[in-house]
Amino acid sequence: MGKITTPGAIRGTQDIFGQDQERFGHVVDTFDRVRRLYNFRRVEMPVFEATAVFARSLGETTDVVSKEMYSFEDRSGDSLTLRPEFTAGLARAYLTNGWQQYAPLKIATHGPLFRYERPQKGRYRQFHQIDAEMIGSGDPQADVELLVMADHVLRELGITEGVTLQLNTLGDAASRDAWRAALIEHFQAHKDQLSKDSQDRLERNPLRILDSKEAQDRPVADSAPDIDAFLTDEARAFFDSVTGGLDAAGVAWTRNARLVRGLDYYRHTAFEFVTDRLGAQGTVLAGGRYDGLIESLGGPSTPAVGWAAGIERLAMLCDDAALGGGLDVIIALEDDRALAEATAAQASLRNSGISCDMIATGSPRKRYDKAAKSNAKVLISFQHDGELAKANIRSAPESDLHAKVADVLNVSATK
RNA sequence: GCGACCGUAGCUCAGUUGGUUAGAGCGCCGGUUUGUGGUACCGGAGGUCGGGGGUUCGAGACCCCUCGGUCGCCCCA
């Protein structure tokens, strides 16, 4: 009977408990509440899909596919992938379930996602996001509504300090192609001044040079042309409508002409809410318009826009004060002869919707102190004089809860 | 995939140029004090110092390998 060594947790997974879980739950609850205010309907989605769903959405040649997806073969040899994002799966569902009939479709979801990468601050292999999408609307008001909702969620969570909404446009297909060509020309001309990484990017993903962290790249990246000169009239009008809508709704934003998306199904609006409080992983909520995606999945040309935000990162940032909750009542059983009465009181409280727990083990004379340390709002101690059990209700400030607890216990006593 | 830093009790961490039997606080268990009390004291359990190899009379400490963690790079859908 050899004792096995306890298997460890998988790298990059988390067991979320205690304070961390309370923060996590608060983020999800807040999102669900705000999302209803905007009439976004909740959808439940599978955690894995055919690999093709994501391979199309992510571009087949990038690192993303080759090294960063959790892909595996099932027993019939089909290639499956644990979802690395929500958007592609939602787009697939939109097509395969005939959800076109609901367009423009406002949907929201949240849950675990998987990326095969080395964990670092706020980035895990299994991580969690909240997500909101509007599929089937090419109206700039859709972008505005999504952004206003995103801002609302962050405000409700108390995440506003040091957070800015950075906004850019990638234009329509014609604008984007013209800009991209101009950028490549610019970077080619200064190739020798770029870092080695960025010289590689020039082949693979030239737009990404714009937001390179390498100091050496900044002069060339900063002097690169903005998209503005290449915008078609339609694309410019679209962007103006988005910024005008944000101004009207009172959502502050700043233009970041260096903010880009590598994949070419992205059109028009790209945005990120960025904090200065999370080190290298400062993006807290990100999204944009992906008018080309659904077509690339074999569907009809369908405009769509959406965003997602990492729950772990939001949880790290949200206000302690906003958490609230906690246990209503803790019972300290200071004499075992009062166990029956204490158990009855506990049942009555719970049946009345008051949360309650009891300390009834260990040294009786230490149970009061233990109960006091639990930080419940109300403490009830049970003692016994040899004839009768006796309950004492205590709480720091006299409160409605205190009165309610006393009421429930009296009712239970007369029964 | 690459780089830097870190692994000592359940948790947070001390541990001197390498030198007796590896420590503290918190938590846990027991005892005493207080008795409407969130206090204080005493005691106990709990460690192959992440693992393996090496150097040395002697390694928690130094060297190599390995595993794990953290942060960063790449990538970021």
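Letters A, B, ... mirror the listed sequences (proteins, then strands); counts begin at 1.
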Rounded to whole Å, CD1 of I330(A) lies from P of G37(B) at a distance of 19 Å

* To do: Using the C1' atom as the reference point in each nucleotide, state the distance between C42(B) and U34(B) in Å, no decimals.
  => 16 Å

Pairing string of RNA chain B (Watson-Crick or G-U wobble, both atom distances under 3.5 Å; | = paired to other strand) is (((((((..((((.....[...)))).(((((.......))))).....(((((..]....))))))))))))....

Give me the distances for all protein-to-nucleotides 24-27 of chain B N/O pairs that come in under 3.5 Å?
from: G27(B); atom 1: OP1; to: K373(A); atom 2: NZ; distance (Å): 3.1

field: Gap in Å between the two P atoms, one belonging to C74(B) and one to C67(B), rounded
entry: 25 Å

Sticking with atom C1', work out how far G72(B) lies from G50(B), rounded to a whole angstrom. 24 Å

**OP:** Would you classify K213(A) as touching base, sugar-phosphate or nothing, given that sugar-phosphate means primed atoms plus P, OP1 and OP2, and contacts are heavy atoms under 4.0 Å?
**Re:** base

Of G38(B), C76(B), A77(B), the nucleotide closest to the side chain of E68(A) is A77(B)

Within the structure shown, what part of the strands sits under 4.0 Å from Y266(A) by heavy-atom distance: base, sugar-phosphate, or nothing?
sugar-phosphate

Practice task
Would you please indicate yes or no on a ring centroid separation below 6.0 angstrom for H152(A) and Y38(A)?
Solution key: yes

Check every strand shown and say whether S381(A) touches a base, only sugar-phosphate, or nothing at a heavy-atom separation below 4.0 Å.
base

To the nearest angstrom, the CG-P distance between D335(A) and U36(B) comes to 16 Å

From CD of Q199(A) across to P of C74(B) the rounded distance in Å is 15 Å

Rounding to 0.5 Å, atoms CZ (R367(A)) and OG (S381(A)) come to a distance of 12.0 Å

Using a heavy-atom cut-off of 4.0 Å across all strands, would you classify G8(A) as base, sugar-phosphate, or nothing?
nothing

Indicate, with a heavy-atom threshold strictly under 4.0 Å, whether R201(A) touches base, sugar-phosphate, or nothing. sugar-phosphate

Whole-Å distance, D200(A) CG to C74(B) P, equals 12 Å

Discussion item. Say we look at G60(B) and A14(B): how far apart would their C1' atoms be, to the nearest angstrom?
Written reply: 12 Å

- Task: Sticking with atom C1', work out how far C76(B) lies from G69(B), rounded to a whole angstrom.
- Result: 23 Å

* How far, in whole Å, is U16(B) from A59(B) if one measures between their C1' atoms? -> 15 Å

- prompt: Distance only, no hydrogens: is a donor on one side chain within 3.5 Å (strictly under) of an acceptor on the other, for S241(A) and Q141(A)?
  reply: no

- Considering only the P atoms, how many Å lie between G3(B) and U17(B), rounded to the nearest integer? 31 Å

Quiz item: Side-chain contact, heavy-atom cut-off 4.5 Å: N168(A) with Q166(A)?
Solution: no

Among G31(B), U36(B), G38(B), the one nearest any side-chain atom of A372(A) is G38(B)

Taking U33(B), C76(B), U36(B) as options, the one with an atom nearest any side-chain atom of R365(A) is U33(B)

Please give the distance between the C1' atoms of C41(B) and C64(B) as a whole number of Å. 50 Å

### Task
Have a look at R208(A) and say if it touches a base, only the backbone sugar-phosphate, or nothing, with a 4.0 Å heavy-atom cut-off.
sugar-phosphate

query: Contact class for R261(A) vs. all strands (heavy atom < 4.0 Å): base, sugar-phosphate, or nothing?
result: sugar-phosphate

Rounded to whole Å, CD of E203(A) lies from C1' of C75(B) at a distance of 18 Å

Among G37(B), G30(B), G35(B), the one nearest any side-chain atom of K366(A) is G30(B)

Taken to the nearest whole Å, NZ/K390(A) to P/G35(B) is 15 Å

task = Looking at every strand, decide which applies to E334(A) at a 4.0 Å heavy-atom threshold: base, sugar-phosphate, or nothing.
result = base

Could you go over nucleotides 69-71 of chain B and give all protein N or O partners under 3.5 Å, atom names and distances?
from: G69(B); atom 1: OP2; to: R11(A); atom 2: NH1; distance (Å): 3.1
from: C71(B); atom 1: OP2; to: K121(A); atom 2: N; distance (Å): 3.3

| Under 30°, 30 to 60°, or over 60°: which ring-plane class applies to F273(A) and F271(A), parallel, tilted or perpendicular? | perpendicular

message = Is the shortest side-chain heavy-atom distance between R289(A) and Y266(A) below 4.5 Å?
response = no

Would R125(A) and Y116(A) count as a cation-pi pair here, with the cationic atom under 6.0 angstrom from the ring centre and within 45° of the axis?
yes

From CG of D131(A) across to P of A77(B) the rounded distance in Å is 14 Å

Whole-Å distance, D197(A) CG to C76(B) C1', equals 14 Å

Regarding the side chain of Q383(A), the nearest nucleotide among C75(B), C29(B), G37(B) is G37(B)

| field | Heavy atoms from other residues, nucleotides or ligands near CD of E185(A) exceed 12 (cutoff 6.0 Å) | value | no

Rounded to the nearest 0.5 angstrom, the CD1-SG distance for I330(A) and C356(A) is 7.0 Å

